[in-house]
2 protein chains.
Amino acid sequence: MSKEALPGLSLCNNAMLRRATRKIGQYYDDVLAPSGLKATQQGLLYQISIGNEPAMGAIAAALIMDLSALGHTLKPLIRDSYVETFADPADRRIKRVRLTPQGQVKLDEVMKLWRVAQQHFEEVVGKDRAQSLRAALEDVSALDFDLPPAA
Amino acid sequence: MSKEALPGLSLCNNAMLRRATRKIGQYYDDVLAPSGLKATQQGLLYQISIGNEPAMGAIAAALIMDLSALGHTLKPLIRDSYVETFADPADRRIKRVRLTPQGQVKLDEVMKLWRVAQQHFEEVVGKDRAQSLRAALEDVSALDFDLPPAA
DNA sequence: TTCAATTAGTGGCATATACCACTTTTAATG
DNA sequence: CATTAAAAGTGGTATATGCCACTAATTGAA
């Protein structure tokens, strides 16, 4: 009873999202840990692998991530030779990204762990609940939040 | 058609969560920007304000956040004199946290903006959809993901 | 009471992520 | 064609977060 006298943060969409991301992120990170990659890096490598030598801007857009943030996040992966970049010959403003052979090997390795994490997650959460959660997240991610006038 | 030849990341619960968090986080941050606080800081100030001079560990647990991460996150708020800490007299291992008077004023200010952000969010997403999204996030955050055996 | 756990935080290090100012290229326009 | 505007990244700075090793304080057991 002493708890919940005040609304708490469970009403804030953003706070709940962050909290869940910390929780789930720790879980996926734990399972992927043997690979030496974080879940964010696994996701980034995968995103690169399914693109056709994607431009940085394209990756950032797909991940709804700031372009400069992507640049920073890419650095450890370049340093560890999992990823390399090159200027687009047709437009030298554009920098394209691809996996190195080692990066492909590492991705294969980490995806095995990802499948374990993913499957166990769906066992615990339930396949349907996980599915509808992802759908809801996809939906809100696609929405257009214009700045409210009163702000 | 060229798209979606491969599953993409829309199947990964963690990736979708992160992506949505970036998107929504940017929106809330934008609306709260006039206060000079990020949405994470607003959430933290609020969490402190509804507690009874909560211990750091209690805050970290409520936010499902690493204790040391909380310590780091608290630093700018202490530096700006919105928050202060003191040792629990009964157990000097425990450090308690409270808002300063300025912190209370700043919280009142940022909560006005938060209400604007929250309301507009619910207009765009729909009150019911937002509600069920938060409930789903609450649910997964409460689950216990033991490390899967194959990992 | 003494000494081995356990608990609560800290500090260092690394990644994640954003914003801003700036540079380089390209595109657009008169 | 010269100038201006727009597009794509980079680097710096700051917050967000996590892990690990370490310290201090308390608890528990011999």
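Chain letters run A, B, ... following the sequence lines, proteins first, then strands; residues in each count from 1.
Within 4.0 Å (heavy atoms only), B/Gly71 reaches no atom of the nucleic acid at all. Counting any heavy atom pair closer than 4.0 Å across all strands shown, A/Ile94 reaches sugar-phosphate atoms only and no base atom. Across all strands shown, A/Asp91 has heavy atoms under 4.0 Å from sugar-phosphate atoms exclusively, and none from any base.
Look at CZ on A/Arg93: it is 6 Å from C1' on D/dA8, rounded to the nearest Å. Straight-line distance from the CG atom of A/Leu17 to the P atom of D/dT17: 12 Å, rounded to whole Å. The separation between B/Asp30 atom CG and C/dC20 atom P is 9 Å, rounded to whole Å. Rounded to an integer number of Å, the gap from CG of B/Asn14 to P of D/dG18 is 12 Å. As rounded to whole Å, 6 Å separates atom P of D/dG9 from atom CG of A/Leu67. Distance A/Lys75 NZ to C/dC13 C1': 17 Å, rounded to the nearest Å. A straight line from CG of A/Leu37 to C1' of D/dG18 spans 16 Å, rounded to a whole angstrom. For the pair A/Asp88 CG and C/dT24 C1', the interatomic distance rounds to 15 Å; values are reported in whole Å.
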Anything under 3.5 Å between a donor and an acceptor, one on a side chain of residues 67-81 of chain A, the other on a protein residue two or more places apart or in another chain? List them.
from: A/Ser68; atom 1: OG; to: A/Asp66; atom 2: OD2; distance (Å): 2.6
from: A/Thr73; atom 1: OG1; to: A/Ala69; atom 2: O; distance (Å): 2.9

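Taking CG of A/Asn52 as the start and CD1 of A/Ile50 as the end, the distance is 11.5 Å to the nearest 0.5 Å. Here CG of B/Asp146 is found 5.5 Å from NE2 of A/His120. Values are rounded to the nearest 0.5 Å.
Note on A/Gln26: every side-chain N or O is 4.0 Å or more away from OP1 and OP2 of D/dT17. Residue A/Arg92 places no side-chain N or O under 4.0 Å from the OP1 or OP2 atom of C/dT24.
Of the candidate nucleotides C/dT17, D/dG11, D/dC19, D/dG11 has the atom lying nearest to any side-chain atom of A/Ser68.
Mapped onto DNA chain D by nearest heavy atom, A/Asp29 and A/Ala58 fall at different nucleotides, with A/Ala58 at the one closer to the 5' end.
Here A/Glu53 pairs with A/Arg98 under the side-chain hydrogen bond (donor to acceptor under 3.5 Å, both in side chains) rule; sequence neighbours left out.
B/Lys23 contributes a side-chain N or O that, together with a main-chain N or O of A/Ser141, makes up a donor-acceptor pair within less than 3.5 Å.
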Contact list (N/O, under 3.5 angstrom) for nucleotides 14-16 of chain D vs protein:
from: D/dT15; atom 1: OP1; to: B/Arg79; atom 2: NH1; distance (Å): 3.1
from: D/dT15; atom 1: OP1; to: B/Arg79; atom 2: NH2; distance (Å): 2.8
from: D/dA16; atom 1: OP1; to: B/Thr40; atom 2: OG1; distance (Å): 2.2

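Using bins of under 30°, 30° to 60° and over 60° for the plane-to-plane angle, the ring pair B/Tyr27/B/Phe121 lands in the tilted bin.
Across B/Gln42 and B/Leu107, no two heavy atoms sit closer than the pair O-CD1, 4.3 Å.
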